[in-house]
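Notes to accompany the following structure.
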2 protein chains.
Amino acid sequence: MTINAHTPEPGAGDAVPAKAATIYDVAQAAGVSHQTVSRFLKGFQGIRPETREKVVRALDELGYRPNLTARSLKSGRSHRIGALTHEISKVGPSRVAEGASAAAREAGYVLDLVSLDVANPRAIEESLELITQHDLAGVLALSSTDEMTRAFETTEFRVPVYIDVEVDDTVSSHPSDLTTVGMPALVAHLADLGHRALVHIAGPATWSAARNRILAYETAVIGQGLRSIGILPGDWSARSGYEAVVALPRLPDATAFVAANDQMALGAMLALKERGCRIPDDVSVVGIDDIPESAYFDPPLTTLHIDFEAAGRLSVHKLLAEIEGTEVPQMVVPPPQLVVRRSSGAAPSR
Amino acid sequence: MTINAHTPEPGAGDAVPAKAATIYDVAQAAGVSHQTVSRFLKGFQGIRPETREKVVRALDELGYRPNLTARSLKSGRSHRIGALTHEISKVGPSRVAEGASAAAREAGYVLDLVSLDVANPRAIEESLELITQHDLAGVLALSSTDEMTRAFETTEFRVPVYIDVEVDDTVSSHPSDLTTVGMPALVAHLADLGHRALVHIAGPATWSAARNRILAYETAVIGQGLRSIGILPGDWSARSGYEAVVALPRLPDATAFVAANDQMALGAMLALKERGCRIPDDVSVVGIDDIPESAYFDPPLTTLHIDFEAAGRLSVHKLLAEIEGTEVPQMVVPPPQLVVRRSSGAAPSR
DNA sequence: GACCAGAATGTTTTCGACAACATTCCGGCG
DNA sequence: CGCCGGAATGTTGTCGAAAACATTCTGGTC
């Protein structure tokens, strides 16, 4: 059951007014003009100490809270950021949203988080429509799919926009950290264990992150002189990882599976076990993301730890730099880090 | 890497103006007064067809988007709801937030989702401070901890507030669906399998949901004439489920573990297996929530499916009813549903 | 054709904060 | 003592939308 906490009604003798005080109320209480209050609030220096103190007292007594609506109407600037992201429970890295939310909050902004089906153009359009109507300082796309990118391209924003894509695989010459650091470490780990042939379980092709991971996987496999037996399609879900393995007519010659995220690794492990494979004795399985649960899979999952929160914060800071016309702060997202657990082991000797 | 999609600069010949059109611009373009435009936008009926058409055309040509800031300044109402919730990646049911977000969107509201450490009073205070400054139509607490409830009680809101608690265990005489339907089904399932002594792995005591689940568990255990060997403390995380079992000096006589959520069940299963228990042959483990991954645990988890999205939607609708002064729509959240998988089996014969 | 009711439309004011500009205050100086 | 310059403070207008109020138009009536 639920409780309904109404706004407390201040008693008759209560000093706090039921209606919000405006700077005019404050000014009247302090015996100064509202402009003086405004100047004080904006940190203007030329105010005499005694005037300043009267204002402070009135401000305090009335429990003044600025009306940001009026402020943004006049200034033409708001302190809200619209952020679109995937259904947060569906995919592991919802910490991106948390980091973004926290970073925005710290900068005095509020993040309007809109989670939606990022593969559904209609849903994206509708959300953009609503979000552009509510005055915003900027718009952020925290999950990048082709549908999302396209919707952003065709929508006219009057504010800065920032799309966080794991890699821009059409024009980029800057490979991501995953490609340069994370995936090589993961694949090298498998190579060290004697694995020579791998299989990748990929995310949906319309997600830039999925493409990035395929690219990183293929690059790393070549880099280590290994062989990729194939790329199985998935959709990030544990079910898709399971079904990708179940759908195989026979188990491939590969001795290790590299899933594009931990959930798919979980599903794949179950399917492999059901097909009689022991993990990691017969086949190794590794994931990417390092979701909190993956340390408690059976066996605990070897994976790449990714600092999603930092990524979310960085996205917000980049957008804020754009909004406020300041420098992008020198922030680094820690590179993906290999976490070795028990789901990876020595390749079986034939 | 990331790309930065700037606001597209309209070309010189482009009909779309760089600045947002106001109703005044529209009025001028249509050759009517701005008030006529306003009336049209508000769906006022008394407008002549030809006038209406001129307005429509001008609206369309200028690509007019209402400035909701100005609107809410004047009307004193906004279309934003502040929602506080736990760190969304930490606990399973983040679908509550999704449901709430979707329901708000459908009603023309935007949900400001603020995820925070719901056990940290400072974090809650700061978020409330920020959120109350941004004009809101209402405030929602999607995760209820004692800290959250207390912060809501001591903060003065000028808008409706709705705290979604799973059960109000201090005053409630209405047991939750979990107590009346879900947990009895789960415990009855175990009783049918021959289990007589159970252990509960609980969530943190400051969460109303955790207390509700303990209450529901104890009620159901008594109702089925079973015995509860004990209640182990946890914090919703897989790690805490694991450690709760590891910390036991010896395995209890219980033949089944009822975890308060699926993550803790996952951790508990791993710890039990490491202590040599086979699941479900030696001991059964069940969870609550039915997160998507739980079907792919090893063994797949018997759990209670809870419709979190519906719960989130209901919360928003209740708040909206409060805001708009309308009736609470007759919505029902489907009761928890038993999902039997392979982690529960016949109790071992001694 | 003058008049009227009611519909259609225009004018003015309002919301709260802020900024441009106007005014007052103050001590210093000739 | 009057004037000056700069600091301190007040006055007025602005933002976009909406409401209150004012005005114009329309068709019907006698």
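What you are looking at is a predicted structure, and each value in this text was computed from that prediction instead of being measured. Chain letters run A, B, ... following the sequence lines, proteins first and then strands; every chain starts at 1.
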Walk me through it: do B:F40 and B:V56 pass the test side chain to side chain contact (heavy atoms under 4.5 Å, CB included)? CA-CA 9 Å; B:F40 171 81; B:V56 171; 3.5 Å; yes

Just wondering, do A:D307 and A:E309 contact through their side chains at under 4.5 Å, heavy atoms? yes

Integer-rounded Å distance: D:dA18 C1' and B:I23 CD1: 8 Å

What's the verdict on side chain to side chain contact (heavy atoms under 4.5 Å, CB included) for B:Y64 and B:L41, showing C-alpha distance, side-chain angles and the deciding distance? CA-CA 11 Å; B:Y64 170 82; B:L41 292 173; 3.6 Å; yes

May I ask you to say what A:Y64 touches in the nucleic acid, namely base, sugar-phosphate or nothing, with a heavy-atom cut-off under 4.0 Å? sugar-phosphate

Partners of B:V32 by side chain to side chain contact (heavy atoms under 4.5 Å, CB included), sequence neighbours excluded? B:A27, B:A30, B:T36, B:V37, B:T51, B:K54, B:V55

Whole angstrom is fine here: how far is it from CD in A:E53 over to P in D:dA8? 16 Å

Using a cutoff of under 3.5 Å, can you pull out all pairs of nitrogen or oxygen atoms linking the protein to nucleotides 9-13 of chain D, with atom names and distances?
{"residue": "D:dT9", "atom": "OP1", "partner": "A:R48", "partner atom": "NE", "Å": "3.4"}
{"residue": "D:dT9", "atom": "OP1", "partner": "A:T51", "partner atom": "OG1", "Å": "2.2"}
{"residue": "D:dT9", "atom": "OP2", "partner": "A:R48", "partner atom": "N", "Å": "3.0"}
{"residue": "D:dG10", "atom": "OP2", "partner": "A:S33", "partner atom": "N", "Å": "2.7"}
{"residue": "D:dG10", "atom": "OP2", "partner": "A:S33", "partner atom": "OG", "Å": "3.2"}
{"residue": "D:dG10", "atom": "OP2", "partner": "A:T36", "partner atom": "OG1", "Å": "2.7"}
{"residue": "D:dG10", "atom": "N7", "partner": "A:R39", "partner atom": "NH2", "Å": "2.9"}
{"residue": "D:dG10", "atom": "O6", "partner": "A:R39", "partner atom": "NH1", "Å": "3.4"}
{"residue": "D:dG10", "atom": "O6", "partner": "A:R39", "partner atom": "NH2", "Å": "3.4"}
{"residue": "D:dT12", "atom": "O4", "partner": "A:H34", "partner atom": "NE2", "Å": "3.4"}

With sequence neighbours left out, the residues meeting salt bridge (Lys or Arg N to Asp or Glu O under 4.0 Å) with B:R57 are B:E53

Grab the two heavy atoms, one from A:R52 and one from A:I47, that are nearest each other, plus how far apart they are. N-CG2, 3.7 Å

In this structure, how many angstroms lie between the P atom of C:dG16 and the CD atom of A:Q28, rounded? 13 Å

For A:Q28, does the CD atom sit with more than 12 other heavy atoms under 6.0 Å from it, leaving out its own atoms? no

Restricting to non-hydrogen atoms, name the atom on A:I23 and the atom on A:H34 that form the minimum distance, rounded to 0.1 Å. CD1-O, 3.9 Å

Terminal helix-axis angle for the helix from C:dG1-D:dC30 to C:dG30-D:dC1, with five pairs defining each axis and rounding to 10 degrees: 80°

